[in-house]
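Below: the structure, in structure tokens.
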There are 2 protein chains.
Amino acid sequence: MAIKNKTRYAILGILSIHSGTGYDIKKYCDTVIVNFWNENFGHIYPVLSQLLNEGLIKTENSPSPRKKIYAITEQGRTEFLNWLIEPAEYQPVRSEFLLKLTFSSNLPKDNIISMLTDYQQMHHERLTGYKKIQDDLKKGITEITPHRELFLYAPLRYGILSTEAVISWCDEILMALRNKL
Amino acid sequence: MAIKNKTRYAILGILSIHSGTGYDIKKYCDTVIVNFWNENFGHIYPVLSQLLNEGLIKTENSPSPRKKIYAITEQGRTEFLNWLIEPAEYQPVRSEFLLKLTFSSNLPKDNIISMLTDYQQMHHERLTGYKKIQDDLKKGITEITPHRELFLYAPLRYGILSTEAVISWCDEILMALRNKL
DNA sequence: GTTTGCATGTAATTCGTTACATGATTCT
DNA sequence: AGAATCATGTAACGAATTACATGCAAAC
């Protein structure tokens, strides 16, 4: 089975929360789900046309003619639900960082150490960002319904726990490196 | 800057350890670095031709005519090193699982719970696999030079720590889910 | 009045996957 | 004798990125 266009489902998912334009969808991607999902205009617009063609979404009447407000149809909801309940496909992992590290054995020790400290630093910054969002959620700054709260909180916690794991890993490897080589 | 063909560097890296055929390279991907890298024949062979063309690799004399043994050239080593010392490009993340979870707020509670337990189960199995490899490394079953040991051990530890974090995360979210909804 | 943000789209390109096609060698 | 593994490649396709192109509206 070929890799299937996931953008379809991202768009359907977003429109299942609230109707909006292609631009709105992009904004949602760049804010709410940015930590684990990305889309770009060059893909959103063609897929929107495609979904419209298939009857999974429809256009709502818009205040401005140059603004196309899309809404999910009943058929779209059904198709989205079918995707939702089937288990996520296996995604082949590709970590350029680990690839580099694997083949770094002949690099000077200092290079490897700075490679790891930079990587750790990046994750420290990422963690700070996550924690800020977490605080905003807790303080109720971000406006969401209590019913949806957990579903925005969970991916954030995922980011926090994974990032903390990476930071610990860096400590561990840096220590091994300093003791050994 | 466009996403650059990473397969080039994976191949150069593998050939920097030991020369071999396209088939050997694929085998290396499917065993040694399988946990964080993947390649397929349909991409390996064209890229090998390309690298040969650019003079980054060369063919060694082979015992069999239907077997092409590739070796990295000096030029290839230089280019590989240049890539190695520059920081890894930012890689856009895409987690289909987190995307699904985000839009699961209207799914029945039981569905969400089984979604999470399945995901956790999968990571438990992954962890078992990692730990087996770790034991093999410790017992010296896998034949490697002491100098390279850390560079095979580190990515493995990365997998173990990240996977443990995901398992903890599942526990946390499952508990929140059971208490709340 | 100029910059920033809103808004939509197309074209070119590249990367990577899958399927197809073929055949030799080794193991059981 | 047949299955598994070794071995190399091409063709078709699809997904996603980037660059290009355009113009309105609002804020400063």
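Throughout, a chain's letter reflects where its sequence line sits, starting with A, and its residues are numbered from 1.
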Verify side chain to side chain contact (heavy atoms under 4.5 Å, CB included) between F97(A) and M115(A), making sure each step is shown before the conclusion.
-> CA-CA 9 Å; F97(A) 173 76; M115(A) 196 174 152; 4.2 Å; yes

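For the OP1/OP2 pair of dG14(D) and a distance below 4.0 Å, the side-chain nitrogens and oxygens of N5(A) include no atom meeting the criterion. For dA16(D), one of the phosphate oxygens OP1 or OP2 lies less than 4.0 angstrom from a side-chain nitrogen or oxygen of T7(A).
Under the 4.5 Å side-chain criterion, counting only non-hydrogen atoms from C-beta, E172(B) is in contact with L161(A).
The residues K58(A) and E74(A) are annotated as not salt-bridged, no charged nitrogen and carboxylate oxygen being separated by less than 4.0 angstrom. The residues E39(A) and R94(B) are annotated as salt-bridged, a charged nitrogen and a carboxylate oxygen being separated by less than 4.0 angstrom. Salt-bridge formation is detected for the pair K180(B)/E149(A): a Lys NZ or Arg NE/NH1/NH2 atom is positioned less than 4.0 Å from an Asp or Glu carboxylate oxygen. Ion pair E164(A)/K131(A) flagged as a salt bridge, since at least one NZ, NE, NH1 or NH2 atom sits closer than 4.0 Å to an Asp/Glu carboxylate oxygen. Ion pairing between D135(A) and K139(A) fails under the 4.0 Å rule for side-chain N and carboxylate O.
With sequence neighbours excluded, the residues that form a side-chain hydrogen bond (donor to acceptor under 3.5 Å, both in side chains) with E125(B) are Q121(B). By the salt bridge (charged side-chain N to carboxylate O under 4.0 Å, His left out) test, R8(B) pairs with E54(B), E79(B), sequence neighbours left out.
Here the straight-line distance linking atom OG1 of T73(B) with atom CZ of R77(B) works out to 9.0 Å at 0.5 Å rounding. Atom OH of residue Y70(A) and atom CD1 of residue I11(A) lie 9.5 Å apart, to the nearest 0.5 angstrom.
In this structure, the NZ atom of K68(B) is 16 Å from the P atom of dA24(C), given to the nearest Å. dT18(C) atom C1' lies 13 Å from atom CD of E89(A), rounded to whole Å. We find that NE2 of H43(A) is positioned 17 Å from P of dC15(C), with the value rounded to whole Å. Taking atom CD1 on I44(B) and atom P on dA7(D), their separation rounds to 13 Å, with Å as the unit.
Contact check of residues 10-41 of chain B against DNA chain C (heavy atom, cut-off under 4.0 Å) returns N38(B), N40(B). Within residues 46-62 of chain A, no residue has a heavy atom under 4.0 Å from DNA chain D.
In this structure, I69(B) and G42(A) both approach DNA chain D, and ranking their closest nucleotides by distance from the 5' end singles out I69(B).
The two atoms that bring L81(A) and L107(B) nearest to each other are CD1-CD1, 4.1 Å, heavy atoms only.
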Summarise protein proximity over nucleotides 20-25 of chain D in one line of letters, 5' to 3': B for base, S for sugar-phosphate only, - for none, counting protein heavy atoms closer than 4.0 Å.
-> ---BBS

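Nucleic acid contact for R94(A): sugar-phosphate only, since backbone atoms but no base atoms lie under 4.0 Å from a heavy atom of the residue.
Side-chain proximity of Y45(A) to dG9(C), dT10(D), dC15(C): nearest is dG9(C).
Axis deviation across the helix from dG1(C)-dC28(D) to dT28(C)-dA1(D) amounts to 40°, comparing end segments of five pairs, rounded to 10 degrees.
The aromatic rings of W169(B) and Y119(B) stand perpendicular to each other, their planes meeting at an angle above 60°, with 30° marking the opposite boundary. Relative orientation of the W83(B) and Y9(B) rings is parallel, given thresholds of 30° and 60° on the angle between their planes.
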